[in-house]
There are 2 protein chains.
Amino acid sequence: MRLRFTRQRAGMTENTNRNPETQLTMQVVNHVRSLIEGGTLRPGDKIPAEREFAKELKISRASLRAGIGHLAAMGVLNVRHGVGTFVADGPPALGTASLALLGALHGFKPWQMFEARLILESHLAAMAAERGKEEHFTALAEEVTEMYATFHEPQEYLIHDMRFHRTIAEASGNPILAVLMETIMTALYDERRKTVERSRDLKQAAEVHREIYRAIRSRNAKEARTVMEKHLKLAESAQVSEMKRGAAKKKAVRKESTEE
Amino acid sequence: MRLRFTRQRAGMTENTNRNPETQLTMQVVNHVRSLIEGGTLRPGDKIPAEREFAKELKISRASLRAGIGHLAAMGVLNVRHGVGTFVADGPPALGTASLALLGALHGFKPWQMFEARLILESHLAAMAAERGKEEHFTALAEEVTEMYATFHEPQEYLIHDMRFHRTIAEASGNPILAVLMETIMTALYDERRKTVERSRDLKQAAEVHREIYRAIRSRNAKEARTVMEKHLKLAESAQVSEMKRGAAKKKAVRKESTEE
DNA sequence: GGTGGCATGTGGTCAGACCACTAGATAGTC
DNA sequence: GACTATCTAGTGGTCTGACCACATGCCACC
């Protein structure tokens, strides 16, 4: 049974739903939203059980679940099977796979990803140098240490790499920029995870992270920014070459794969 | 019947789902994702009817709908009652209300919104000056004209204001940054819509937009950036004063409306 | 030639049952 | 007494099949 994915174009492009309140699922979303905005629900809180909540809202459990699904997809709610549904806690984040999916959909190019990241992170580094607190510096130092300790285990190394950049974002004092950066980083590292095994120079990368740390720690915003830019440009070419190396190896079915 | 929103904290903060494939709804998300990444589904395409698609995937319609709900919330799918479900078309955008909701959740401050926007848009303006195409310039000019024509109708004016900035983002040649900017702008203008009625100096604002346009048009990246920064700082103080003006008025009226 | 209404296909909602997972309580074992 | 296995209650996850609401094209009717 072959299903067809009709190529027919959907006429109207800018179709705003007329009655936002007619949609039961949207009604749920708005209800929860107002509870959050009104302060009734705060991060980490548990919302009522589905059967109970549905009765309260006078809708079926299915409709309630549709609304919860929306909120969960947006990263506002955190559903845990067998336990309950909670308002998102911890570091804010947009819908998990959203950017990666949008990327596939609109054909984002890797260089565009890196460009976006460069812009965001260079500012974040500078801001972290200016506004960072002692606790952030401590966390950064720890991650650098871990990087040095794990540069022989790429997957492990990557985790600390991510945490390092995440901490900088947090230290910047602007959670919105942190969220945006996180969104891009997630998409980027998703790809990186597959290629990092082929990486060399992980030790050198740790070196650069140490430089960044020192610049931030000494509150030298300009320097932090410069080094971060250098790091990211390096990272870009590293990832590109990793990807090429992977592609080359894949094609080299015969053992002729001499690494240029 | 009073429902309680338990304040109990949810222990684990970093809970990654162990089996991403165990979740039927995630299975649907990943399936569609792979269809998109594989090129089988492209923007504007119609996916099979729910009953049919569910049978194909050997899952119930309910589960399928859960997955579709997720994708719709992320802005990847576009569901139209009585018509069908389509792969998102037009300008890419992250989940609609996500940032606004996250803002309420984590208490984003207005100045943080503006700071984030300033960083993004100043770069976007410079990039638009460097990479913009003739068609973009034309569109920008049109929007400026419209702004001059409608500065007595704030709501109308706002639309063109948004379109102007959106066009710059598009002209920058980096759709990722455009998406991020759009996310922030949506949250910001959502608020602005309520206060713009009290705005003065809309004509002056149009003036500044014209300056920005001229800088971009003449491919003067540095100038475009500078003027954009000036504009956004102006816009920030304008909105703040609008909000203050509104707060004063609201106290006098003392009107309590029902929650929707 | 126009127009109202119906047929069809699609998503939206409902109800109730049962499955799967978690965590705490309980009873049994060493 | 401390540990471990099992049970149990509570919660989300899935299924089924019916019916409702909406959008569109077709066709008889005027």
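Just so we're on the same page: letters track the sequence lines, and every chain starts at 1. On a predicted model such as this, the values are computed, not experimentally measured, just so you know.
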Between B/R166 and B/E170, does at least one N-O distance fall below 4.0 Å, as a salt bridge requires? no
In dot-bracket notation, what is the pairing pattern of DNA chain D, taking Watson-Crick (N1-N3 plus N6-O4 or O6-N4) and G-U wobble (N1-O2 and O6-N3) contacts under 3.5 Å, with [ ] crossing and | for other strands? ||||||||||||||||||||||||||||||
Taking atom types as modelled, find out whether A/H209 and A/H165 have a side-chain donor-acceptor pair closer than 3.5 angstrom. yes
Its contact letters, B for base, S for sugar-phosphate only and - for none at protein heavy atoms under 4.0 Å, make nucleotides 8-15 of chain C read -BBBBBBS
Figure out the CD/C1' separation between B/Q27 and D/dC15, and round it to whole Å. 15 Å
What verdict does the side-chain hydrogen bond (donor to acceptor under 3.5 Å, both in side chains) test give for B/Q112 and A/N174, after you've listed the backbone C-alpha separation in whole Å, the side-chain angles of each residue and the deciding distance to 0.1 Å? CA-CA 6 Å; B/Q112 294 170 333; A/N174 190 324; 5.2 Å; no
Between CG of A/N78 and P of D/dG13 the distance, given in whole Å, is 11 Å
Checking B/S60 side chain against B/S63 main chain: does a donor-acceptor pair fall under 3.5 Å? yes
Do A/T186 side-chain atoms and A/E182 backbone N/O form a donor-acceptor pair below 3.5 Å? yes
With A/R61, the salt bridge (Lys or Arg N to Asp or Glu O under 4.0 Å) member among A/E50, A/E52, A/E56: A/E50
N/O donor-acceptor pair under 3.5 Å between A/T40 side chain and A/I36 backbone: no
Are any side-chain N or O atoms of B/N30 and backbone N or O atoms of B/Q27, one a donor and one an acceptor, separated by less than 3.5 Å? no
Rounded off to whole Å, could you give me the CG-to-C1' distance for the A/L77 and D/dG13 pair? 16 Å
Here the distance between atom P of D/dC15 and atom NZ of B/K55, to the nearest Å, is 15 Å
